[in-house]
Amino acid sequence: MLVDSPPEAAAAPAPVAPAAPRPRHLTRSAGLLAAVAVLAVITVLGIAVGAKQVPLDQVWHGLFHYSGADTDVVVRDVRLPRTLLGLIVGAALGLAGTVMQALTRNPLADPGVLGVNAGASAAVVSAISFLGVTSLTGYVWFAFAGAAVVSVAVYVLGGTRNATPVRLALAGTALTAVLVGYINAVNLMDTAALDKMRFWTVGSLAAATMETVTGIAPFLAVGAVLALLIARPLNAVALGDDQAKALGARLTRTRVLSMAAVTLLCGGATAVCGPIVYVGLMVPHAVRAVTGPDMRWILPYSAVLSPVLLLGADILGRVVARPGELQVGIVTAVIGGPVFIYLVRRRRMSQL
């Protein structure tokens, strides 16, 4: 006699396999493309928005059908070089901050916080006031020298191999205070130099010209290439000297190339714009939330998103103070100060 099988004995449907997680590199690539799109939008806004309102059709005319009209001059000769300079300087500051954080294993490292910008500024102020140097090609070398000297000094004062994030931050803050005092003293003694540097010393893109952009771009390009090339060894250095050696990293070579990259990036950026702080601190921290600790991704992300922050701050400074403007260095300091305090007060950060 045939007996029907009980319902529970029937063949169960095959389980549905869960969807495979999206590969991390695809997420990172998509994020980087989105960052590039945001940068394109902020670049357009940098050209179209300013202290003087210019209709979009006149912005287009000034870019592609230049006739010498007042609005064409504003767009082509003022806003375009200012935006291009913001792009390359923002990328330089972001890359420099990222390299410094990896090299020193200091999450608070930044060209402004560690005094590198102040060193470049002090050297440029000295060149302008005492040597009469006024051209970019003249004082950019002083900026490189000042950035390099202060980088080494902070590392030595912080305890070299025993340096901690707090020690390095304190050493950078102390040197910055001394150098800022020196800069102010020179400006007070030399009123002509003060007039030349009153906007430069707070960090500004306002004096940008196409000659400035083309003059500094090669230095920043070399520094950017160096920073990107050492991404893999920086991953090893960030783990500590012993583990880096075990992984085959050449520590001395990596440190020398890193300092060369930071000197070119910080020195060049400071020479043309003055000291702009916190850009190299804020962006890498935000980027790590997307990329993780891999420097091969943090560096490209920082190079793209740092100009977004810098140009956004520059646009904000032009809009909120119409018909005048706030210099971009003031805006980034106002934004970055609270962020720096938050990072210092985080429990994980305070234990470093």
Side-chain angles (χ1 to χ4, degrees), residues 88-120 141 143-165 167-169 171-172 175 218-271 277 279-281 283-285 287-288 291 293-303 306 352:
I88 61 176
V89 167
L93 293 174
L95 288 171
T98 305
V99 171
M100 292 178 73
Q101 289 175 16
L103 182 66
T104 62
R105 297 190 289 278
N106 178 8
L108 302 180
D110 169 78
V113 174
L114 295 189
V116 180
N117 285 348
W141 300 106
F144 292 149
V149 169
V150 172
S151 297
V152 174
V154 168
Y155 192 62
V156 171
L157 292 175
T160 59
R161 293 190 177 185
N162 296 321
T164 65
R167 285 183 179 179
L168 291 171
L175 279 178
F219 298 104
L220 300 185
V222 173
V225 170
L226 280 177
L228 294 171
L229 287 177
I230 57 177
R232 188 181 295 274
L234 280 176
N235 277 336
V237 170
L239 299 174
D241 288 358
D242 293 336
Q243 293 190 46
K245 291 177 181 178
L247 292 172
R250 300 167 64 179
L251 293 179
T252 301
R253 178 176 177 271
T254 301
R255 289 191 175 109
V256 169
L257 291 177
S258 298
M259 293 310 301
V262 168
T263 299
L264 286 169
L265 293 168
C266 294
T270 304
V277 297
V279 174
L281 172 69
V283 174
H285 275 281
V287 163
R288 286 188 186 91
T291 65
D294 192 344
M295 295 295 294
R296 293 172 297 177
W297 286 97
I298 297 175
L299 286 167
Y301 264 84
S302 297
S306 294
L352 292 175

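Everything numeric in this text was worked out from a predicted model, so none of it was measured. Just the heavy atoms: all of them, side chains too, but no hydrogens, waters or symmetry mates, feed the values below.
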Could you go step by step and tell me if Arg232 and Arg296 meet the side-chain contact (heavy atoms from CB on, under 4.5 Å) rule?
CA-CA 6 Å; Arg232 188 181 295 274; Arg296 293 172 297 177; 3.2 Å; yes
After noting the C-alpha distance and the side-chain angles of Val89 and Leu93, does the key distance pass the side-chain contact (heavy atoms from CB on, under 4.5 Å) rule?
CA-CA 6 Å; Val89 167; Leu93 293 174; 4.0 Å; yes
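- A pairwise comparison of heavy atoms in Ser306 and Gly94 identifies OG-CA, 3.0 Å as the closest pair.
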In sequence, state the C-alpha distance, the side-chain angles, and the governing distance for Met100 and Val116, and then conclude on side-chain contact (heavy atoms from CB on, under 4.5 Å).
CA-CA 10 Å; Met100 292 178 73; Val116 180; 3.7 Å; yes
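- Closest approach of Gly90 and Val279 over heavy atoms only: O-CG1, 4.4 Å.
- Residue Pro293 comes nearest to Asn235 through the heavy atom pair O-OD1, 3.6 Å, listed as atom of the first residue, atom of the second, then distance.
- The OG1 atom of Thr291 sits 4.0 Å away from atom CD1 of Ile298, with the distance rounded to the nearest 0.5 Å.
- Taking CE from Met295 and OG from Ser302, the interatomic distance works out to 7.5 Å, rounded to the nearest 0.5 Å.
- Heavy atoms only, all atoms of each residue included: Ala227 and Ala261 are closest at N-CB, 4.0 Å.
- Annotation: the span from Phe144 atom CZ to Thr270 atom OG1 amounts to 9.5 Å, rounded to 0.5 Å.
- With rounding to the nearest 0.5 angstrom, the CE atom of Met259 is 13.0 Å from the OG1 atom of Thr254.
- Contact between Ser258 and Ile230 at its shortest, heavy atoms only, is OG-CD1, 3.2 Å.
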Test side-chain contact (heavy atoms from CB on, under 4.5 Å) on Leu264 and Leu220 and set out the steps.
CA-CA 6 Å; Leu264 286 169; Leu220 300 185; over 6 Å; no
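- Of all heavy-atom pairs spanning Leu265 and Ala224, the tightest one is CD2-N, 3.7 Å.
- Taking the side chain as every heavy atom from C-beta outward, Val150 and Asn117 never approach each other to under 4.5 Å.
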